[in-house]
Amino acid sequence: MAADTAGGADERLAYRGPIQQLLTRPEIGALLGLAGVWLLFWLTSEAFGTAGGTANFLDVAALLGIMAVPVALLMIGGEFDLSSGAMTGATAIFVILMSREVGELGGAGFSLHLAVPLSLCFALAIGWFNGTLVERTSLPSFIVTLGTFFILIGAKLGFGKLFTNKVIVEGLDEAQGYEFWDDIFGAEWIRNQHIWDGRDWAWAGLLVLAGVALLLGLLEMSYTRRPDPPPWAAAGSFIGAVAVPLFGFVMLLTTDGTAANWLWGAVIAAGTLAGVSIWCSSRYERVQQRRTAPDNRTMRMIGIGVGAVVVAVVLALVMDATNSDQLGFLGGGLGRAIFAIGIAGTGVLAALAATGHVRSSAPVIGVVVALLPAISFMMTVQAARALLFGGLAVAGVVALMLVAARTGLSLWLPMATAAIVAVAAFVVQAESESRKLRVELFSVLLLIALALAATAAARALAQRRSTAVPVPQMGLWPRVAAAAGGAAAVVFAVIELIDGDGLLYALSTGVAKGGAIALGIFALGTFYRLLFSSDEGMGRPLVTVGLAAAGLALAVKLMFITTLEEEATQAVTRFRVSVLFYLLFAAIGAWVLAKTRFGSWTFAVGGNKDAARSVGVPAARTKTTLFMLVSVCAWVAGMLIAFRLNSVQANVGDGNEFRYIIVAVVGGNLLTGGYGSAIGAGIGALIWGMISQGIGFARWNTDWRFLVLGGLLVVAVIVNNYVRQRAERSQAARGDPDDDEPPGGDADAADESVSAGAEP
Amino acid sequence: MTSEFVGLDANPDEQEQTIASILTADSSIDAVLGVGPNLPLRALDAAESAGRTLHIGGFDLSSDLISAIEAGDIAFTVDQQQYLQGYIPVILMHLQATNQNTAGGGLPILTGPGFVTPDNAAEVAALVSAGTR
């Protein structure tokens, strides 16, 4: 959008829209992959999207993510740790051996109060050993940690058999101090024991808050504010944008019947659109129209888009979420023929690519064709339909929106798209066999339609921003929110502790309640300043409020059960404490990378170690610290495994190191170092968990699971690369002077690395 | 009666959750046979998550598995008696070489299988924790 850049202004201040900003983040590929994988399995399986299904894949993702985050940090710092997988099992076996009784059982006989800290020291020592050896010898970390890997495997089996004469080390629960440590590492949240009938109201309220904050935040970020917005606009549009849809929403939840649904749905839509229109036309500069007549190409794109959506809806109607028959239609002679054609095609295309007749990526098409018969054996009929439906629906809507953005057809085309999606929702609701598609897909499609219509109205009315968004002016609000939230957290934690609940439970309850209070105060302050001050730059705080509210809504829905649900189910949904560690570590990792000096050093030593050292970054110390960070997390993972299983087999954790690396790469981290994201690694772990568990939920043939995992990982990495290159190109095309730096939020940290490193 | 083989990951947490996800998706499953002494225990946890009561069996022994059999949560485990598998052939070869003894009359000498069920679990338990079984 070079045309939007204000002429003559400093190009570094050129405004980049929220979507462009998002697209240059390292974890964008992983985020898109996450959405795609979730959508596929959500459409394919009845249980995947429920709280039970979420607990299921979160459990797998958590143990992986706890390690993937520090492994990603280490990769950004330019090193690998191949001993990380074996280290998780080693600390688990270490702590059991240290705590078992002396004598017949064979053990050191320490209390766990000594054995657990000892195992942390053991882990730290391994991390220090890895880091120091890599630094002192200048050997590749690949070789050094491969050595540690084999040492640990040997030690696990050797010491395990020496002390216990068995390959399974058992008996942690007989150790002294077990209850105390089990409260921390073995804690779990059993959803069925937490009944809260007001849950759906809290959930819905938070979702509305999230929707309003996100919408207003995106508008604030995208459009230029008028110097003198009329004072009535704030109140009027706020009522339109919040109160009317809220009223409609409450009525929708409390009334029943198709006619009522239609009525209140219309009220929500009308209220939202009216509110957005008043808000945009009174608060932002009026758009300078630039309409062009639709040419043939545009009309063709529109035709393709509408066609894709229509076919998608037809597919949704014939989808039956209980059909788990294997597809297998390419089994016989046809399958062999397709396989042969695919192989031959790959060869021909490769030859053509080598001579420059086709693109170098063309042979991939042949490989995909050759793989089709195999994929058909694994996929169920239901999954194939879901894949087609999701793909077509997304492609259709994206095509229509692209046309709308490219041409001057700013209003009617997106509105028509929204209308098509809304009609599709009602058709699905009226005709579909499955309850899940009728209720859940219906709501989601309507929400998408509403969002499309609202953004279209805004685009048609308001002038896009041409200068960067100023730094938000929040005054005292964040400090008040933090102080009140912190105080509340302490009070609630102490209350729970006095009640005799475990330390970890008390702490997390306190943090959750304090966090909710802090969010409430911060949201209040954000909306207050948005409506009653003349500050710009409220976009970022609003988006923060929106995302936090959405996360809290999800947590409330996942963690509590209503009486009705409780009576209807036999299943027990449990969230293990590993999920808490996973979220905590991902947050800490992201904070360290983006905000601390150590994070800048990490980028610097991974990008170019000698350059970093010559400007004063303590390279050796940074790398050793990173190795020790990995070992601390391996210790946490090991404790979680030990307290969960109680008996640990000698080979637990071996081979997981490659998983951690793969997951980090999927999350947008470069194998060569100097670029990446901790949050991305966390998302990568989630993708892995979803795929490995989704295959079970969808009843796919598990013999082929590695084919799916591998294929999806390759796709994730390719998408990652493609999106990043595109984003970097578009940035370079706009004359961004610092396109040598890694783009995205983490780039800020890399920018500072030189100056920060020069200080000491 | 139909049976299906399901390949599982090596990680204990993934094993448990994959069994749970398949149980959730297919309500017609009524029994799980885990290969090895750990998988029956993972299947037991998974059955609880999925809210199901299953017949669960396994192979080989561990203290935790024996406790679960004693408690009646797991029906049985096939005891392969690896000690006999290793010990008897060596003894037979030794006796053949040193004493010209032959045993079994040219037929296979079976080293099992033994079964551990709730009936004999208590007696085996002591031997398992001693590491001789």
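By convention in this document, chain letters (A, B, ...) are assigned in the order of the sequence lines, proteins followed by strands, and residues within each chain are numbered from 1.
Separation of atoms CG (B:D45) and CG (A:L645) is listed at 9.0 Å; rounding is to 0.5 Å. In this structure, B:E14 CD and A:L63 CG are separated by 9.0 Å, a value rounded to the nearest 0.5 Å. For the atom pair B:N38 CG and A:Q649 CD, the distance stands at 4.5 Å (nearest 0.5 Å). Atom OG1 of residue B:T18 and atom CD1 of residue A:I695 lie 9.0 Å apart, to the nearest 0.5 angstrom.
A donor-acceptor pair under 3.5 Å links the side-chain atoms of A:E170 to the main chain of B:S63, judged by distance alone.
More than 12 heavy atoms of other residues, nucleotides or ligands shown are found within 6.0 angstrom of CZ on B:F76. Residue A:H194 places its NE2 atom among more than 12 non-hydrogen atoms of other residues, nucleotides or ligands, all under 6.0 Å distant.
In this structure, a donor-acceptor pair under 3.5 Å is present between the side chains of B:D64 and A:S647.
Taking B:A46, B:A25, B:A20, B:A10 one by one and counting their heavy-atom pairs under 4.5 Å with chain A, the maximum is reached by B:A25. Chain A forms more heavy-atom pairs under 4.5 Å with one residue of B:A47, B:S62, B:G51 than with any other, namely B:G51. Chosen from A:N656, A:D654, A:I190, the residue pairing most often with chain B at heavy-atom distances under 4.5 Å is A:N656.
For the side-chain contact (heavy atoms from CB on, under 4.5 Å) with A:F697, the lone residue among B:I22, B:T24, B:D26 that qualifies is B:T24.
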Quiz item: Stepwise, does the side-chain contact (heavy atoms from CB on, under 4.5 Å) test hold for B:D9 with A:R659?
Solution: CA-CA 12 Å; B:D9 199 88; A:R659 248 171 232 215; 2.9 Å; yes
Exercise. Using the side-chain contact (heavy atoms from CB on, under 4.5 Å) rule, take A:L58 and B:Q17 through it: C-alpha gap first, then chi angles, then the decisive distance, then the call.
Key: CA-CA 10 Å; A:L58 261 184; B:Q17 298 299 356; over 6 Å; no
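Neither the backbone nor the side chain of A:N651 has a heavy atom closer than 4.5 Å to any heavy atom of chain B. For A:I168, the part lying near chain B is the side chain, with the backbone staying farther off; criterion is any non-hydrogen pair under 4.5 Å. If you measure heavy-atom distances from B:N11 to chain A, the contacts under 4.5 Å come from the side chain alone. At a 4.5 Å heavy-atom cutoff, the contact between B:R42 and chain A is made by side-chain atoms alone. Looking at B:L8, only its backbone comes within 4.5 Å of chain A, counting heavy atoms on both sides.
Shown here for B:S21 and A:N56, the closest heavy-atom pair between the two residues is N-ND2, 3.5 Å.
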